[in-house]
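Quick note on labels: first sequence line is chain A, next is B, and so on, each numbered from 1.
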Amino acid sequence: MFLIAIYAASGFFVLLVLLLFASLVKGSWPALAAFGAKFLWTSEWNPVTEQFGALPLIFGTVVSSTIAIVLAGLVGILAAAYLAEFAPRWLARPLSFVIELLAAVPSVVFGLWGLFVLAPFVRVALAPSLQHAFGFLPIFSGPISTGTNMLTAGLILALMILPTVTAISREVIVAIAQDLREASMSLGATKWETVSRVVIPAARVGIFGAIVLALGRAIGETIATTMVIGNKPVIAASLFAPSYTLASVIANEFTEANGDVYIGALLELGLLLFLVSFIVNGLARLLLFTVLKGDRA
Amino acid sequence: MNHPDAPLKVEDLSAFYGDMRAVADVSMSFAPRNVTALMGPSGCGKTTLLRCLNRIHEIAPGARTEGTVLLDGEDVYDSEMSVIELRRRVGMVFQRPNPFPTMSIFGNVVSGLSRSVPKNDKAAAAEKALRSAALWDEVKDKLGRPATALSGGQQQRLCIARALAVEPEVLLMDEPTSSLDPISTLSIEELMTKLAEHYTIVVVTHNMQQAARVSRYAAFMLADETRAGRLVEMDETSKMFTKPSDRRTEDYITGRFG
C-alpha cells in the first residue's frame with residue numbers, strides 16, 4: 001500500500017512534466033501551424049500584423065546569458081577557490097553564508113535595484129568609459145541612449161547567478177581529496193600553484209556543471225531581465241542597445257495577447273524555454289552527479 | 001642511534017594538532033643511503049613525525065611543531081629556510097597512490113619540475129625518474145595516457161618517479177604499500193632496497209615483516225598516557241627483531257599488542 005503511494009507520488013511528477021509539455025504544444029499549435037520552423041529564424045515580432053519570429057528574442061536570451069555566465073563564471077570560480085582554499089575559517093563561513101543569502105533575494109528586488117541604481121550607473125559611467133576605451137569594438141559602439149540595455153541585463157543576471165556558481169564550485173573544490181593537495185605541495189609547489197594546477201583541474205567537471213546549472217537560471221530568469229533589458233525585439237551588435245528575451249516577452253505581453261496566433265506564439269516561446277531549460281539543467285545535474293556522488297554516498 | 005654523517009636529524013621534536021600533542025620529544029637521526037623504518041601501533045605519532053620532516057604537517061589547521069629538524073645541518077624550521085626548497089630536497093610518497101588525475105603519465109612525472117625547464121630536459125628527467133622507479137618499461141609507449149589508467153601498484157611507482165624527478169636527497173614514504181596487493185607490495189619493497197643505494201629513505205609502516213625486509217634501521221614508537229607519541233628505541237632492524245632492549249618493543253614484535 002505504502003509502496004503504491006510512493007510510486008503514485010513520483011509518477012505524478014513525470015505525468016506533470018508530460019502534461020505541461022503536451023499543453024504547451026497544444027496551446028502553441030496555431031503559431032506552429034502558421035510559421036513552422038521559420039519561427040526560429042525570422043526577426044519580425046509584430047502583434048499588429050500577426051507576424052511572429054523569435055530570432056531577436058533568442059539572440060537577446062543567448063547574449064545576455066553569455067555575458068552573465070562569462071562574468072559570473074570568472075568571479076565565481078575565483079571566489080570559490082578563495083573560500084575553499086585560502087580564506088581562514090572564521091571568514092570563510094560567514095562569507096559563504098552571505099553568498100548563499102544572495103541567492104535567496106527575490107529576483108524582483110534585483111530588478112528594482114537594477115532599474116534604479118545599476119541602469120543609471122551603466123548609462124552615465126560604465127558604458128561611456130567602456131566606449132572610450134574599447135569603442136573600436138562593435139559591441140561597445142553606438143549611441144548610449146538608455147541604461148536599460150543588454151549590458152545592464154547581463155550584469156544583473158551575472159549578479160543573480162553568481163551565488164550558484166560560487167556555492168556549487170566551492171562544494172566541488174572542497175570535495176577534492178586532501179592527499180592530492182599534499183602530493184603537490186610535497187613537490188615544492190606553492191599553495192597557489194597547487195590550487196591552479198592540481199585542485200581546480202581536478203574539479204573541472206564539477207565546476208563546469210555549476211556553470212551550466214547557473215546558465216539554466218540565467219536563460220529562464222524573467223522579471224529582473226524584463227525590468228532592465230529595454231524590451232525591444234531588435235538585433236543590435238552593440239551591448240548598449242536595448243534587447244528582449246524569451247522569458248521577458250512572455251511576462252510582458254501575456255496580459256495583452258489576443259487572438260490564437262499571438263497567444264500561440266507566446267506559448268511557443270514557453271515551449272522553447274521549457275525544452276532548453278530541461279536540456280541545460282539535465283546536463284548540469286548529470287555532470288554534478290558524476291562528480292559529487294562519491295562524496296555523498 | 002646517532003649517525004654522525006646523517007643528512008637528516010631530529011632533536012627534541014614535538015608536534016601538535018591544536019592543543020593535542022601527537023609527538024613528544026623525539027630525537028633521532030637517519031643513516032645516509034639506507035632505509036630507516038618507523039614502526040608502532042596506530043596513533044603512535046609515526047606518520048605525524050614523518051610529516052614534520054618535510055613540513056607538510058603544518059598545512060593542517062592548528063598544526064605546529066617545537067624542536068629542531070636538521071637537513072644537512074640546517075634547521076628546516078628556521079625562517080631562513082625556504083619550505084619550497086626543503087620539500088624539493090625531501091620528497092614524499094603517500095599511503096594511497098595519488099597521481100594527479102587530470103595529468104598524463106608524463107605530466108605527472110614532470111609536475112614537480114619548473115615550467116622553465118626545456119622540453120628535451122624534461123623528457124630526459126622523466127625517463128631517468130621512471131627508470132629509477134622501475135616503471136619505464138611498462139609505460140614508455142604510453143606516456144601520454146592518463147595516469148589513472150595505470151594499476152594501483154604502477155600508480156604508486158609513478159608517484160615515486162614523480163618524487164624522484166625533482167632529485168631529492170631524502171625520500172619519505174608513509175605506508176606506501178598499505179593499499180596495494182601482495183605482488184605490487186613486493187615490487188615496491190624491492191624498489192626501496194634499490195633506491196636506498198642513492199637516497200636516504202624513511203618509511204612508516206605498521207607491517208613488521210615489511211620493516212624486517214626493507215629496513216637497515218628501525219625506530220619503535222608508542223603513545224604515552226596523554227596519547228603523545230614517544231620514541232621507545234631505535235637500533236639496527238636485525239637487532240630490534242632479535243634482541244630488543246626495551247620490554248615494550250619485544251611485546252609489540254611478538255604480537256602481544258598493536
Side-chain angles (χ1 to χ4, degrees), chain A residues 77 80-96 169-170 172-211 287-295 297, chain B residues 47 50-51 53-63 82-104 107-115 129 146-148 155-156 158-168 170-175 179:
Chain A
I77 294 169
Y82 174 72
L83 287 172
E85 300 285 338
F86 296 99
R89 218 181 279 180
W90 60 266
L91 187 61
R93 275 170 190 242
L95 260 180
S96 305
S169 300
R170 191 192 73 88
V172 172
I173 291 172
V174 168
I176 296 299
Q178 179 64 16
D179 63 352
L180 280 185
R181 294 181 183 83
E182 292 182 355
S184 171
M185 295 186 72
S186 77
L187 291 166
T190 62
K191 183 86 200 225
W192 172 246
E193 287 168 336
T194 299
V195 171
S196 63
R197 294 184 204 166
V198 174
V199 179
I200 291 182
R204 64 189 174 185
V205 176
I207 291 173
F208 186 64
I211 286 179
L287 287 168
L288 286 170
F289 176 74
T290 41
V291 175
L292 292 175
K293 69 176 173 193
D295 189 49
Chain B
T47 291
L50 189 80
R51 290 165 64 88
L53 302 180
N54 66 345
R55 291 180 58 179
I56 216 81
H57 169 66
E58 70 196 31
I59 69 174
S82 144
V83 65
I84 287 165
E85 182 60 28
L86 165 72
R87 290 179 187 152
R88 301 181 73 82
R89 288 165 65 188
V90 182
M92 190 166 209
V93 176
F94 296 79
Q95 266 189 39
R96 210 173 52 104
N98 54 3
F100 300 130
T102 56
M103 295 182 195
S104 65
N108 263 279
V109 180
V110 300
S111 59
L113 300 176
S114 160
R115 284 194 165 176
T148 45
Q155 287 188 17
Q156 193 62 307
L158 179 64
C159 292
I160 293 172
R162 180 175 67 184
L164 295 180
V166 290
E167 304 194 325
V170 179
L171 197 57
L172 309 177
M173 305 179 98
D174 182 11
E175 300 191 33
S179 66

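Side-chain contact between B/Met103 and A/Val198: present, with at least one pair of heavy atoms (C-beta onward) separated by less than 4.5 Å. Residues B/Phe94 and A/Ser186 form a side-chain contact, since some pair of their non-hydrogen atoms from C-beta on lies under 4.5 Å apart. Within the 4.5 Å cutoff, side-chain heavy atoms of A/Gln178 are placed close to those of B/Ile59. Between B/Arg115 and A/Glu193, the closest side-chain pair of non-hydrogen atoms is not below 4.5 Å.
Contacts between B/Arg162 and chain A at a heavy-atom distance below 4.5 Å involve backbone atoms as well as side-chain atoms. Residue contact with chain A, scored on non-hydrogen atoms closer than 4.5 Å, involves the backbone and the side chain of B/Asn98 alike. Of the two parts of A/Arg197, the backbone and the side chain both hold a non-hydrogen atom closer than 4.5 Å to a non-hydrogen atom of chain B. In this structure, chain A has a heavy atom under 4.5 Å from the backbone of B/Pro99, while its side chain stays farther away. With a 4.5 Å cut-off on non-hydrogen atoms, B/Val93 does not touch chain A at all. Both the backbone and the side chain of B/Arg96 have a heavy atom closer than 4.5 Å to some heavy atom of chain A.
Considering only heavy-atom pairs separated by less than 4.5 Å from chain A, the leading option among B/Leu113, B/Val166, B/Val83, B/Thr102 is B/Thr102. For the set A/Pro88, A/Ala177, A/Ser184, the entry with the most heavy-atom pairs within less than 4.5 Å of chain B is A/Ser184.
Atom CE of B/Met92 is separated from atom CE of A/Met185 by 12.5 Å, given to the nearest 0.5 angstrom. Within the model, atoms CZ of B/Arg88 and CG of A/Leu187 stand 8.0 Å from one another, a figure rounded to the nearest 0.5 Å.
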